[in-house]
Amino acid sequence: MTDKLKPLREQIDALDVQILDLLSRRARLAQDVGHVKAETNAPVFRPEREAQVLRGVAERNPGPLKDPEIQTIFREIMSACRSLERRVTVAYLGPAGTFSEQAVYQQFGRAVEGLPCVSIDEVFRATEAGTADFGVVPVENSSEGAINRTLDLMLATTTVISGEVAIAVQHSLMTRTGNMDGVTVVCAHSQALAQCQAWLNLHHPNLERRAVASNAEAAVMASKDPSIAAIASEMAGQQYGLAVVAGHIQDDPHNRTRFAVIGHLHTNPSGHDQTSLVLAVPNKAGAVYNLLAPLATHGVSMTRFESRPARIGTWEYYFYVDIEGHEQDPAVARALVELKDNAAFFKVLGSYPLSL
């Protein structure tokens, strides 16, 4: 066995030397790019450029590594090279170990400064104030729908959406001991409790269910109190020393959450983009139909339509709409001009690359 492995390992070692040399050359070029950006005050992070690179490596991937693995490798290469220019600070709903933190790393790679915040409101506040370069906030879940607090804050924020990331959400029930002896309460974010409702009804119907600010906070509480079980990611469990009682307890096995990357950066077209809008119409018959007619006229597809009460004391609504394409695309630009003319309220939340 050793005789057969030795030449293979020697080939791997030789390739590793070549890879290291190429990575160093790439990093030096990234430094040169950083010098040019500094002269023109250009942003360090360009989500449209990184999306193009990641799509490109997947298209050219000869195997045997699968596309997601190849993209993960290149994302970390870009993240490390980007940090040579400047380490980007990203705010997210904390503490460490939340799915929001996972979304940060999936979008930016690991070479960033994470800024955990106590609430979604604080993520917006830190990003608007410039304490963080970007923020990552949950927008919607595949089983529980829109995150209403995020939608409400999008309405008033001065930030724009410059990217999105969707992650698989897999919940685990965890305690200090790995069993449920003495446990009387299960804690999690309200969304996580809702996503695991059927499983809890079947397996632990008598446990008190207590909503907290985040799943990671629930993990912290469970790490300090043996009477508390937490629903959180296994990453959070490892972070706070918990043992898994049961894994994959979400009711929907394909449960996913979509996050928006917010900041002050207006992205350029990447070739695979989406534009998010907030609209309102006068309260009269046919108003919504007439409002959206320009999309059909100009051949622009609508991928999401969500309504929220205007919260001004009357039965009026804001409509959150996602459409295919970038606001600079000719057809989209023409449709937006007509939408704005038809709307009582019109706001572009951002045009950004679609999640990979």
Side-chain angles (χ1 to χ4, degrees), residues 8 11-12 14-27 29-30 33 44-83 88 90 92 98-112 114 134 136 138-143 161-171 233-235 247-248 250 252-261 267-276 301 303-304 322-326 329 350-356:
L8 295 174
Q11 290 181 60
I12 289 174
L15 285 171
D16 285 345
V17 171
Q18 294 179 48
I19 291 170
L20 181 60
D21 178 62
L22 290 171
L23 285 174
S24 297
R25 288 165 60 184
R26 191 192 193 285
L29 284 171
V33 168
V44 172
F45 177 60
R46 295 298 323 197
E48 69 275 22
R49 165 63 180 162
E50 296 198 4
Q52 289 168 343
V53 171
L54 293 175
R55 291 193 189 104
V57 297
E59 291 169 0
R60 294 187 295 272
N61 179 23
L65 291 175
K66 296 180 180 179
D67 291 350
E69 284 73 31
I70 284 290
Q71 289 174 326
T72 297
I73 292 168
F74 272 81
R75 182 182 291 110
E76 293 302 332
I77 291 171
M78 289 190 293
S79 181
C81 290
R82 189 195 320 122
S83 71
V88 173
V90 186
Y92 65 92
T98 60
F99 288 108
S100 294
E101 184 187 33
Q102 185 178 329
V104 169
Y105 295 141
Q106 188 162 317
Q107 175 72 5
F108 292 89
R110 294 267 172 178
V112 296
F134 296 93
V136 171
V139 175
E140 62 178 338
N141 176 264
S142 59
S143 60
I161 302 175
S162 55
E164 69 164 3
V165 57
I167 65 170
V169 174
Q170 297 174 344
H171 294 303
S233 68
E234 289 192 20
M235 182 176 74
H248 299 268
Q250 65 277 2
D252 178 4
H254 306 294
N255 189 23
R256 297 181 70 79
T257 295
R258 175 182 167 226
F259 294 83
V261 178
T267 66
N268 293 319
S270 73
H272 298 275
D273 302 294
Q274 179 167 271
T275 298
S276 294
S301 295
T303 58
R304 178 168 170 261
D322 290 344
I323 59 176
E324 289 184 356
H326 193 280
D329 296 343
S351 285
Y352 48 90
L354 284 166
S355 177
L356 296 172

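Owing to the predicted nature of the structure, the values given are computational and were not obtained by experimental measurement.
Between the side chain of D16 and the backbone N or O of A14, no donor-acceptor pair lies under 3.5 Å. Put simply, the side chain of R55 never gets that close to the backbone of L356: no donor and acceptor are under 3.5 Å apart. At distances below 3.5 Å, not a single donor-acceptor pair connects side-chain atoms of E324 with backbone N or O atoms of S301. No donor-acceptor pair under 3.5 Å is formed between the side chain of S83 and the backbone N or O of A111. A donor-acceptor pair is defined here as one N or O able to donate and one able to accept, closer than 3.5 Å; such a pair exists between the side chain of T72 and the backbone of P68.
Residues forming a ring pair (Phe, Tyr, Trp, His ring centres under 6.0 Å) with F108 (at least two apart in sequence, or on another chain): F45, F134. Shown here are the salt bridge (charged side-chain N to carboxylate O under 4.0 Å, His left out) partners of D329, two or more places apart in sequence or in another chain: there are none.
For the pair M235/E101, a side-chain contact is recorded, criterion being any heavy-atom separation below 4.5 Å from C-beta on. R25 has its side chain within reach of L22: a pair of non-hydrogen atoms, C-beta onward, lies under 4.5 Å apart. Contact check for T257 versus F99: no side-chain heavy atoms found under the 4.5 Å cut-off. Between F259 and V104 the shortest side-chain heavy-atom distance does not fall below 4.5 Å. Within the 4.5 Å cutoff, no side-chain heavy atoms of V139 are placed close to those of E164. Counting heavy atoms from C-beta outward, S142 and D252 have side chains that approach closer than 4.5 Å. In this structure, the side chains of R26 and M78 come closer than 4.5 Å at one or more pairs of heavy atoms. With a 4.5 Å cut-off on side-chain heavy atoms, R304 and E140 count as touching.
Closest heavy-atom contact between P47 and Q107: CB-NE2, 4.5 Å. The minimum heavy-atom distance linking S355 with A166 is given by the pair OG-N, 3.2 Å. In terms of heavy-atom proximity, S351 sits nearest to T275 at OG-OG1, 2.6 Å. Minimum heavy-atom separation, Q250 to V169: CD-O, 3.7 Å.
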Evaluate the criterion side chain to side chain contact (heavy atoms under 4.5 Å, CB included) for residue pair T303 and Q274; output intermediate values, then yes/no.
-> CA-CA 9 Å; T303 58; Q274 179 167 271; 3.4 Å; yes
Go through N255 and H171 one step at a time and tell me if the side chain to side chain contact (heavy atoms under 4.5 Å, CB included) criterion holds.
-> CA-CA 9 Å; N255 189 23; H171 294 303; 4.1 Å; yes
Give the C-alpha distance, both sets of side-chain angles, the deciding distance and a yes or no for side chain to side chain contact (heavy atoms under 4.5 Å, CB included) between I73 and V57.
-> CA-CA 10 Å; I73 292 168; V57 297; over 6 Å; no
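Taking CG from D67 and CZ from R60, the interatomic distance works out to 11.5 Å, rounded to the nearest 0.5 Å. Note that CZ of R82 and CZ of R46 are 12.5 Å apart. Values are rounded to the nearest 0.5 Å. Separating the CG atom in D273 from the CD1 atom in I323 is a distance of 11.0 Å, to the nearest 0.5 Å. Taken from CZ in R258 to CG in N141, the straight-line distance is 12.5 Å, to the nearest 0.5 Å. The distance from the CG atom of N61 to the NZ atom of K66 is 11.5 Å, given to the nearest 0.5 Å. With rounding to the nearest 0.5 Å, the separation of CD in Q18 from CG in L20 is 11.0 Å.
More than 12 heavy atoms of other shown residues, nucleotides or ligands fall within 6.0 angstrom of atom CD in Q52.
Of the residues S270, S276, S162, the one that meets the side-chain hydrogen bond (donor to acceptor under 3.5 Å, both in side chains) test with Y352 is S276.
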